[in-house]
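Please read the structure below before turning to the comments.
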There are 2 protein chains.
Amino acid sequence: MSTAGAVRAGSERRDEILAIAAELFAERGFAATTVRDIGDAAGILSGSLYHHFDSKESMADELVHELLDRVLAAYRRIVATDDDPERALRALVHEAFSAIATDRATVAVMVNEWSLFTQYPRFAYLRGIEEETERLWVTVIDRGVDTGVFRAGLDARMVYRLLRDAIWVSVRWYDPKGDDTADEIADAYLAVLLDGVAGARRGAVR
Amino acid sequence: MSTAGAVRAGSERRDEILAIAAELFAERGFAATTVRDIGDAAGILSGSLYHHFDSKESMADELVHELLDRVLAAYRRIVATDDDPERALRALVHEAFSAIATDRATVAVMVNEWSLFTQYPRFAYLRGIEEETERLWVTVIDRGVDTGVFRAGLDARMVYRLLRDAIWVSVRWYDPKGDDTADEIADAYLAVLLDGVAGARRGAVR
DNA sequence: GTCTATATTGAGATAGAC
DNA sequence: GTCTATCTCAATATAGAC
């Protein structure tokens with residue numbers, strides 16, 4: 001009956017508390033958020049949180065792990081399904097921005113606390129997920145170079161990092177109530193990435 | 001006699017301790033670094049740090065403030081000096097990557113703790129610096145659009161954010177001992193930004 | 001599933017001697 | 001400029017009643 005992957009199935013109350021914790025972690029930072037803050041926001045005492053969770057860390061762990069499992073699964077589907085490199089890259093970028101739209105707080109936690117979390121053994125899986133993600137994106141970029149739709153001589157790994165960093169950190173200024181939807185930002189970023197900002201044909205490497 | 005701008009002049013010992021603190025903040029995170037850690041690394045007791053600094057916060061404050069003042073001054077010089085939009089943009093990007101090379105630890109602290117610091121009144125100046133920085137970069141991009149060297153209809157603010165985010169977060173994977181120098185990464189990023197990754201001329205908006 | 005009550009630890013910071 | 005010694009507070013987490 002469980003929908004879970006790596007993560008324990010959760011009651012509704014649990015999920016509710018997790019969502020509250022995510023908002024607080026995103027807003028104040030993981031370290032600066034106390035279990036009392038979370039309890040207060042959830043309308044219970046801090047001690048009662050430990051009926052649902054082992055520790056403050058495990059809350060962040062569940063949030064981030066569950067998100068990344070979902071995103072990675074989507075990446076896998078895209079790369080396995082779509083043979084066209086440009087369309088696949090577009091889909092990957094839209095998928096990431098979609099996660100920012102649907103799970104803003106958790107993405108913010110991931111982005112802001114990445115350096116912190118990757119220090120702890122409990123978050124060791126982050127490396128694995130990050131490696132597979134890189135492999136998938138780089139595969140798509142390399143395919144594009146092979147088929148000639150992307151420029152020859154491109155450093156796929158560097159392009160991936162540029163894009164990954166720019167996309168995820170946008171969660172820091174992304175405003176769900178703002179003028180631009182996540183898909184619109186995705187398209188704007190893709191426009192720059194694919195065609196560049198230079199207006200006139202240049203005597204460059206192409 | 002003082003070399004300082006907004007920041008108190010410092011003895012050599014002070015600077016040494018600041019550099020040590022920067023490394024620890026960058027490595028373990030600001031919150032996870034204790035004043036005892038800093039004292040240990042500096043070879044003194046934690047209490048002795050308070051002869052040099054008011055608080056742990058003030059150490060991070062000095063580090064980040066001093067760095068951003070220097071970088072902003074460089075940006076100002078570039079924008080005031082160079083009329084050519086593409087050359088100015090190149091210089092801005094190289095300037096940022098140069099800061100990553102020379103002040104890796106402090107840049108990492110700034111990037112990792114930005115969301116945390118901007119919450120505190122003491123770091124209110126971050127907003128001001130960020131705003132002026134955005135204005136400077138956007139000015140250069142808009143100039144490029146006006147003179148036709150950058151594509152018409154470009155959202156300068158979005159391009160700035162994309163670039164800013166991608167550049168600064170690269171401090172998380174930048175390896176001073178790695179194959180690529182900061183200038184090489186800057187050029188690679190600029191190549192993507194200016195010309196895009198698409199290899200063939202496309203029937204796009206240009 | 002939440003509360004009462006509290007154990008325990010570790011943090012930032014201070015006062016005054018040397 | 002550093003040390004000795006310590007204060008004070010706030011944090012995570014636990015035990016057991018309801």
Side-chain angles (χ1 to χ4, degrees), chain A residues 2 7-64 109 112-113 115-117 119-123, chain B residues 2 7-64 109 112-113 115-117 119-123:
Chain A
S2 145
V7 170
R8 219 177 317 184
S11 69
E12 273 181 38
R13 185 56 174 146
R14 254 178 82 90
D15 292 347
E16 204 180 338
I17 295 173
L18 269 183
I20 289 167
E23 289 295 338
L24 291 172
F25 291 158
E27 206 173 292
R28 310 180 185 183
F30 175 75
T33 302
T34 72
V35 292
R36 282 182 183 84
D37 293 336
I38 300 170
D40 288 351
I44 58 177
L45 288 178
S46 62
S48 305
L49 292 171
Y50 292 83
H51 173 75
H52 301 281
F53 306 96
D54 288 341
S55 65
K56 190 173 82 162
E57 257 191 20
S58 76
M59 295 188 216
D61 191 346
E62 277 193 40
L63 283 165
V64 173
V109 176
N112 292 332
E113 317 293 347
S115 299
L116 182 70
F117 290 165
Q119 287 174 73
Y120 298 110
R122 120 165 266 156
F123 288 93
Chain B
S2 141
V7 171
R8 219 178 316 186
S11 70
E12 273 182 39
R13 184 56 173 146
R14 256 178 79 89
D15 293 346
E16 205 180 336
I17 294 173
L18 270 182
I20 289 167
E23 289 294 339
L24 291 173
F25 292 158
E27 207 173 292
R28 310 180 185 183
F30 176 73
T33 302
T34 71
V35 292
R36 283 178 180 84
D37 291 336
I38 301 170
D40 287 352
I44 58 178
L45 288 178
S46 61
S48 305
L49 292 171
Y50 291 82
H51 173 75
H52 302 282
F53 307 95
D54 288 340
S55 65
K56 189 174 84 161
E57 257 190 21
S58 76
M59 295 189 218
D61 191 347
E62 278 194 40
L63 283 165
V64 172
V109 176
N112 292 331
E113 317 292 347
S115 299
L116 182 70
F117 290 165
Q119 288 175 71
Y120 299 111
R122 117 165 268 157
F123 287 94

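Convention: sequence-line order gives letters A, B, ...; per-chain numbering from 1.
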Supply the atom-to-atom distance [X] [atom1] to [Y] [atom2], rounded to the nearest 0.5 angstrom.
{"X": "A:Y50", "Y": "A:S58", "atom1": "OH", "atom2": "OG", "result": "8.5 Å"}
{"X": "A:D61", "Y": "A:R122", "atom1": "CG", "atom2": "CZ", "result": "4.5 Å"}
{"X": "B:I38", "Y": "B:K56", "atom1": "CD1", "atom2": "NZ", "result": "6.5 Å"}

Of the residues in residues 40-51 of chain B, which ones touch DNA chain D at a heavy-atom distance under 4.0 Å?
-> B:I44, B:L45, B:S48, B:H51

Name every residue in residues 24-34 of chain A that has at least one heavy atom under 4.0 Å from any atom of DNA chain D, in order of residue number, or write none if there are no such residues.
-> A:T33, A:T34

Name all residues meeting the ring-ring contact (aromatic ring centres under 6.0 Å, His included) criterion together with B:F117; count only those two or more places apart in sequence or in a different chain, and write none if there are none.
-> B:F30, B:F123

Length of the CZ-P vector between A:R36 and D:dA13, whole Å | 11 Å

Once you round it to whole Å, what is the distance between P of D:dT14 and NE2 of A:H52?
-> 15 Å

DNA chain C: 5'-most and 3'-most nucleotides touching chain A, 4.0 angstrom heavy-atom criterion = C:dG1 to C:dT4

So B:H51 and B:S48, side-chain contact (heavy atoms from CB on, under 4.5 Å) or not? Walk me through it.
-> CA-CA 6 Å; B:H51 173 75; B:S48 305; 5.7 Å; no

All salt bridge (Lys or Arg N to Asp or Glu O under 4.0 Å) counterparts of A:E113, not counting sequence neighbours = none

Go through the structure and list residues passing salt bridge (Lys or Arg N to Asp or Glu O under 4.0 Å) with A:R36, not counting sequence neighbours.
-> none

Could you tell me which non-hydrogen atom of A:H52 sits nearest to which non-hydrogen atom of A:R13, and how far apart they are?
-> CE1-CG, 3.9 Å

Over all atoms of both residues, closest heavy-atom pair of B:I20 and B:A42 = CD1-CA, 3.8 Å

Passes side-chain contact (heavy atoms from CB on, under 4.5 Å), B:L18 versus B:F53? Steps please.
-> CA-CA 10 Å; B:L18 270 182; B:F53 307 95; 3.7 Å; yes

